[in-house]
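Here is the structure we will look at.
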Amino acid sequence: LVGALGAAFYSPPGKQGFWFLFAVFLSAATTILVTVSTGPWQQATMRFVGGIASAMVLVYASALIIERLDGSGNNVLSNIHFSGVGFGIAFSAVIVTLIDGLGGGWQVMWGVSGMVALISLGVILLLIPSFSPIVEVEKSGRKFEFSNSLIKLILAYGLFGFGYVITATFLSVMVRGDPLLSPFEWLFWLAVGLAAIPSVALWSAFGRWVNLKISFAVACIAEALGVMLSVAGLGPVAVMIASILLGGTFMGI
């Protein structure tokens, strides 16, 4: 919601703005439709489409905001936009826990989550103002080429994505399967979100202090340690550290 509102505030109506709004709607709609899906294939289809939509939301929102911030010279404010992911994770932990405490089932949890996204879409539509055209950034004219360094970076980034998505998907499931940890499942997911909120600003500052390559490598190592801790069976403290390392690195990377 924070990221969506930021995109609405900074983005002029146009093609990117249209696709951003459409992606928010599609993400909300598929989340709600999970509750009325009649079988695993229908639910899987809704989640597949919802996954594409959520990726579109982040990409288009980021493009709209970063483009405008580049033109205004306020690039540091992009950290606020990316903190929206952490806010969303933390908010989902709270809202699902509240619904569970009130006796609501999984259908209510998915339905309310989708309705929250639809409400945020309404707020976005009210906030989008008209803007003067964004100043074009002068292009260097250099031809894009795949170098060995770029290929290595793409492979590293792809492996990172593969690893963090699996951990993020199954962290709550692993916690729920442990009788000692299951009563505090929401706390671990909340920790992921809270750690993600300042992570981009912190890793950006670290990257400026050392350099981006070292910062990227350190963040990947920290996340890998967190992944290992999550399955090491060392108790609640280790799983909490794993949650913080996951939340505190994936958006920064």
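- Taking CG of L118 as the start and OG1 of T31 as the end, the distance is 9.0 Å to the nearest 0.5 Å.
- Note: Y157 and F160 have tilted aromatic rings, judged against thresholds of 30 and 60 degrees for the angle between ring planes.
- Remark: M174 CE to S182 OG distance equals 14.0 Å, nearest 0.5 Å.
- There is a side-chain donor-acceptor pair under 3.5 Å between T249 and E223.
- Heavy atoms of other residues, nucleotides or ligands lying less than 6.0 angstrom from CG of N211 number more than 12.
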Side-chain donor-acceptor pairs under 3.5 Å in residues 236-248, sequence neighbours left out?
| residue | atom | partner | partner atom | Å |
| --- | --- | --- | --- | --- |
| S243 | OG | V239 | O | 2.9 |

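- I154 contributes atom CD1, which lies 12.0 Å from atom CG of L159 (distance to the nearest 0.5 angstrom).
- Looking at residues two or more places apart in sequence or on another chain, you find a salt bridge (Lys or Arg N to Asp or Glu O under 4.0 Å) between R176 and E185.
- Put simply, the side chain of S83 does not reach to within 4.5 Å of the side chain of V200, judged on heavy atoms.
- Follow the hydrophobic side-chain contacts under 4.5 Å out from L194 and you reach V175 in the same cluster.
- V59 and I80 fall into different hydrophobic clusters, defined by Ile, Leu, Val, Met, Phe, Trp and Tyr side-chain heavy atoms under 4.5 Å apart, directly or through other members.
- By the side chain to side chain contact (heavy atoms under 4.5 Å, CB included) test, V108 pairs with I99, V112, sequence neighbours left out.
- Residue pairs meeting the ring pair (Phe, Tyr, Trp, His ring centres under 6.0 Å) criterion with at least one member in residues 179-204, sequence neighbours excluded, are W203-F206.
- In this structure, CG on L212 lies 10.5 Å from CG on L153, to the nearest 0.5 angstrom.
- Proximity of a side-chain donor or acceptor of S199 to a complementary backbone N or O of A196 within less than 3.5 Å is detected.
- Within the model, atoms CH2 of W110 and OG1 of T35 stand 10.0 Å from one another, a figure rounded to the nearest 0.5 Å.
- With sequence neighbours excluded, the residues that form a side chain to side chain contact (heavy atoms under 4.5 Å, CB included) with L155 are I151.
- The residue from V231, I166, V192, V227 that alone fulfils the side chain to side chain contact (heavy atoms under 4.5 Å, CB included) condition with L171 is V192.
- In the hydrophobic clustering of ILVMFWY residues, with side-chain heavy atoms under 4.5 Å counting as a link, I32 and F22 come out together.
- A distance of 8.5 Å separates CE in M251 from CD1 in I89, rounded to the nearest 0.5 Å.
- Put simply, the side chain of S27 never gets that close to the backbone of A23: no donor and acceptor are under 3.5 Å apart.
- Applying the ring pair (Phe, Tyr, Trp, His ring centres under 6.0 Å) test to pairs two or more places apart or on separate chains, those with a residue in residues 232-253 are Y164-F250.
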